[in-house]
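All ligand and atom numbering here is 1-based and tracks the order in the structure. Here the structure is a predicted model, which is why all the values come from computation and not from measurement.
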Amino acid sequence: MNKLFLFDIDGTLVRGAGPQHAAALVAAIRQVLGVETTLDGIPVHGMLDRDILRDMLRAGGFDDARINTALPAIVAAAQELYPPTCPDISAKVLPGVREVLSEIRALEFPIGLVTGNLTRIGWTKMERAGLRDFFSFGAFSDMGATRGDLARIAVELAGVSGCAVTMTGDAPSDVAAAKSNGFRSVAVATGLTPRETLAALQPDLLLNDLSQPEDRRALIGG
Ligand SMILES: [Mg+2]
């Protein structure tokens, strides 16, 4: 059976990438619209960057028409502003992540990203985490409206057909995105969502983390 593996970034591959991502969103809005906004009060966990920007702008008093007009320029600005600020985050790679990616690669199955990060933000994090070479494709917030859409787009970008798809993530939105596409869902309790919350969503596999070889074997499957 051919397989394909999709991974979320934040809370799944790395945790605590730093405040630079949020700062880039704030700075992008400042650059395009000349106003100060904040992520305070926005439940960013598991959210797509574009939706986070929309919420920041709504909280700042902008209406949907103004937001829709400004958003493309803000998205472009955020992707320019983030890369020069991203530190080395190789120490933030979660336990067992390098191992599971190496094990999947050794089996020659394609590996891709499905993340709420904007494209250049996501790829930059993977570079600075030392994980870039594991991934041959990815779907990012600027490519679709929902995480479910992004998961489907990622598989299209992989350019393979007839694969059993496994999608791994740390947030309820990752589990929902996998299920909405009929993909096998693996939840890891390495992010902010408690294990019990993930369990209630009934992913196909629920792991504390990827540190144990038997758990990684279960993720990769038989
Ligand atoms: Mg996540």
- With a 4.0 Å cut-off, would you call E103 and R216 a salt bridge? yes
Main-chain N/O of G130 paired to S90 side chain as donor or acceptor, under 3.5 Å: no
The complete set of salt bridge (Lys or Arg N to Asp or Glu O under 4.0 Å) pairs with one or both residues in residues 10-21, sequence neighbours excluded, reads D10-K125
Near the Mg ion (ligand 1), meaning under 2.8 Å, the protein N/O/S atoms are D8 OD2, D10 O, D170 OD1
- Donor-acceptor contact present, side-chain K179 to main-chain Q202, <3.5 Å: yes
Worksheet item: Hey, does the side chain of T124 reach the backbone of R120 with a donor-acceptor pair shorter than 3.5 angstrom?
Response: yes
* Less than 4.0 Å between a side-chain N and a carboxylate O, is that true for D55 and R58? -> yes
